[in-house]
Student: 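I'd like to ask you about the structure that follows.
Every number for a ligand or one of its atoms is a count from 1 in the order of the listing.
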Amino acid sequence: MAVDYDIVIIGGGSGGLVVASAAAQLNAKVALVEKSRLGGDCLWFGCVPSKSLLHASRVAHEVKHSSRFGIYTTPPDIQFSEATGHVQNVISTIQPHDSPERFESLGVEVIFGEGQFKDQKTFTVNGRDLKARAFVVSTGSRPQVPPIEGIEEAGFLTNEQIFSLKERPQSLAVIGAGPIGCELGQAMHRLGSQVTIVSSREQILPKEDPEAALVVEKQLEADGVNILRGKRAKKVEVIDGKKHLWVGKEKIVVDEILVSSGRVPNVHSLNLEAAGVEYTEKGIVVNQKLQTTNKRIYGCGDVIGGYQFTHVAGYEAAVVVQNALFFPSAKADYRVIPWATFTEPELARVGLSEKQARDRYGDKIEVLKQEFADVDRAQAERATEGFAKIITTSKGEILGAHLVGPSAGELIHEIILAMKNKLPVSALTGIIHIYPTLSEVNSKAALQLKKRNYAKNQGLQNALRKLFGLLRSIT
Ligand SMILES: Cc1cc2nc3c(=O)[nH]c(=O)nc-3n(C[C@H](O)[C@H](O)[C@H](O)COP(=O)(O)OP(=O)(O)OC[C@H]3O[C@@H](n4cnc5c(N)ncnc54)[C@H](O)[C@@H]3O)c2cc1C
Ligand SMILES: NC(=O)c1ccc[n+]([C@@H]2O[C@H](COP(=O)([O-])OP(=O)(O)OC[C@H]3O[C@@H](n4cnc5c(N)ncnc54)[C@H](O)[C@@H]3O)[C@@H](O)[C@H]2O)c1
């Protein structure tokens, strides 16, 4: 039986929009179903507003601390509503790229509505039955609200409200010390809120290299952020307009609470059961080809769990386009997935952690660590906290990298390129790095393997000593 569409995409965010534009540009017949606005979390409540708010907060911090460069100012007057106004302006500037008009001009049929699967082959929206050769579920995720007694009654903020606040909460408790909690905790503190971060683990940013996370933690504390480690928020009560939050045996009194304690996949209103699509509380179950348990239905982005990043949703979208429109042969490859947390200092990672590398390769690994303090450009800018740590096999194959420090999210890309193309770590010393740039942190880290191997090679050292002695004697 003929169908109307090559592909129907449910959810128009980072993943769904990439599928839609690529498929339409390949001349496929495409429908995109979106329940609210195109753009998804990244544009409206995620990457774009958080990086914009972080930038405003960094400027405030720089101004406040400019005397270390001999520049004296009065303390900055932070107009919070203008800082969030800047955030909204950035969103408005980027939004046309994700607009329905742009997608319609590419040939995508954009349908606004919240639909459901009717059966294995049909998605119904606004009373219309959409039949397609393939479907993609890319409905993203939403904040997980932890089981804290009284939280619903007391009220709280998530990433869906914080960027449109007009008034700065004088004090803010941030529940969760993952990337959202650390980025927004630092931004809000630098913009004038008194922030307390509640971290369920001893280590903030628990998915990161412990030494690297410690560098971020020290900066947060130097900023004045209060961090409660190894504790969970348990109960909240409103007394005289203030929120009293019990964290273990401690009580903190704040004006507002930001919940940043993880994400849940948006699966529930889709009637996935009717389509034979299995899911767990982590997300829709997919195979390596990103097919769900119904082979005609694919999943990509946050809704399938895993790495919840815009660039990963985009990568998965490319795999889905190939498999859904043509022959399902492409497999998602998660070996070289980078990400960064945009606190100051930034923390960027690709590949294995030191522990994962040791678990897999035993002691046959090398940990090449270079502090930013030995990089002249970092000294010039007094941004010397942090390091690059590159983990390799003894032969120099790059297994992972962890950078914490100025512009770490930018600097990691040459390592990603080397790793993806299976270049040895020596490739990072094989190109000339411009002096003085922060990127020297990578070449200096990489050079350590050469130095280490030379230091171990007594035979070569003796031979060179003899050779130079001979050359001197005959000159
Ligand atoms: C505060 C914050 C900061 C972040 N910062 C970064 C960052 O710096 N870098 C980075 O890489 N990632 C970042 N992320 C993560 C990133 O935003 C997500 O990984 C990314 O948006 C996931 O894309 P997606 O397509 O899966 O979901 P989304 O982009 O959220 O898109 C899902 C879309 O589906 C729609 N939808 C939901 N249910 C339905 C339904 N039933 N029917 C129809 N449509 C539906 C939604 O309205 C939405 O438009 C951040 C996230 C947050 C919360
Ligand atoms: N820069 C970026 O790329 C960026 C920025 C923000 C978010 N993100 C994405 O969004 C995802 C979600 O971020 P997130 O920070 O919400 O989640 P997360 O899962 O990474 O961290 C949340 C933390 O909160 C803790 N927690 C849970 N309940 C708690 C409680 N009651 N009290 C105290 N702590 C509690 C969890 O143990 C966890 O460590 C990230 O994993 C990432 O993929 C990316």
Side-chain angles (χ1 to χ4, degrees), residues 9-19 32-51 53-54 98 111-116 123 125 136-148 151 158-160 162-163 173-185 187 197-201 203-208 228-234 245 247-248 258-271 283 299-314 316-317 338-343 346-349 409:
I9 302 144
I10 304 142
S14 304
L17 292 179
V18 172
V19 177
L32 172 61
V33 181
E34 167 57 49
K35 75 166 183 180
S36 62
R37 301 177 287 192
L38 297 187
D41 256 12
C42 185
L43 176 65
W44 299 107
F45 312 123
C47 332
V48 172
S50 60
K51 269 75 260 179
L53 195 74
L54 274 163
D98 291 354
I111 303 169
F112 285 101
E114 197 175 352
Q116 291 192 326
F123 190 80
V125 58
V136 185
V137 181
S138 48
T139 48
S141 64
R142 62 182 186 281
Q144 176 172 51
V145 182
I148 298 173
I151 186 120
T158 68
N159 62 297
E160 294 179 8
I162 194 149
F163 302 113
V174 176
I175 299 179
I180 298 182
C182 290
E183 287 185 353
L184 295 184
I197 298 181
V198 183
S199 170
S200 59
R201 312 276 186 90
Q203 178 185 324
I204 67 160
L205 298 171
K207 292 173 191 156
E208 305 297 342
L228 303 177
R229 294 174 197 73
K231 294 196 175 94
R232 281 181 180 271
K234 290 272 190 272
L245 185 71
V247 180
L258 172 70
V259 168
S260 53
S261 54
R263 315 279 304 168
V264 281
N266 291 324
V267 287
H268 287 293
S269 63
L270 297 166
N271 199 20
C300 79
D302 282 13
V303 76
I304 62 168
Y307 297 98
Q308 295 184 314
F309 299 102
T310 285
H311 46 281
V312 176
E316 290 169 344
W339 66 85
T341 301
F342 296 93
T343 44
E346 292 181 1
L347 197 167
R349 168 178 179 173

Student: For ligand 1, which atoms sit closer than 4.0 Å to a heavy atom of Asn159?
Tutor: 1 (C), 53 (C)

Student: Can you pull out the closest protein heavy atom to atom 28 (N) of ligand 2? Residue, atom name and distance to 0.1 Å, please.
Tutor: Arg232 NH1, 3.1 Å

Student: Is any N or O atom of Gln308, backbone or side chain, closer than 3.5 Å to an N or O atom of ligand 2?
Tutor: yes

Student: Within ligand 1, which atoms have a heavy atom of Arg37 less than 4.0 Å away?
Tutor: 49 (O)

Student: May I ask whether Lys51 has any heavy atom positioned less than 4.0 angstrom from an atom of ligand 2?
Tutor: yes

Student: Please state which protein non-hydrogen atom is closest to atom 33 (C) of ligand 2 and give its distance, to 0.1 Å?
Tutor: Val198 O, 3.5 Å

Student: Return the residue, atom name and 0.1 Å-rounded distance of the protein heavy atom closest to atom 44 (C) of ligand 2.
Tutor: Phe309 CE2, 3.7 Å

Student: Where the closest heavy atom to atom 37 (C) of ligand 1 is concerned, which of Thr310, Ile180, Thr139 has it?
Tutor: Thr139

Student: Working to the nearest 0.5 angstrom, can you tell me the gap between Ile175 CD1 and Leu245 CG?
Tutor: 5.0 Å

Student: Can you sort out which atoms of ligand 1 are near Cys42, meaning under 4.0 Å from one of its heavy atoms?
Tutor: 17 (O), 21 (O)

Student: Taking only heavy atoms of Val33 into account, list the atoms of ligand 1 that are under 4.0 Å away from them.
Tutor: 43 (C), 44 (N)

Student: Got a sec: does the CZ of Arg229 have more than 12 other heavy atoms crowding it under 6.0 Å?
Tutor: yes

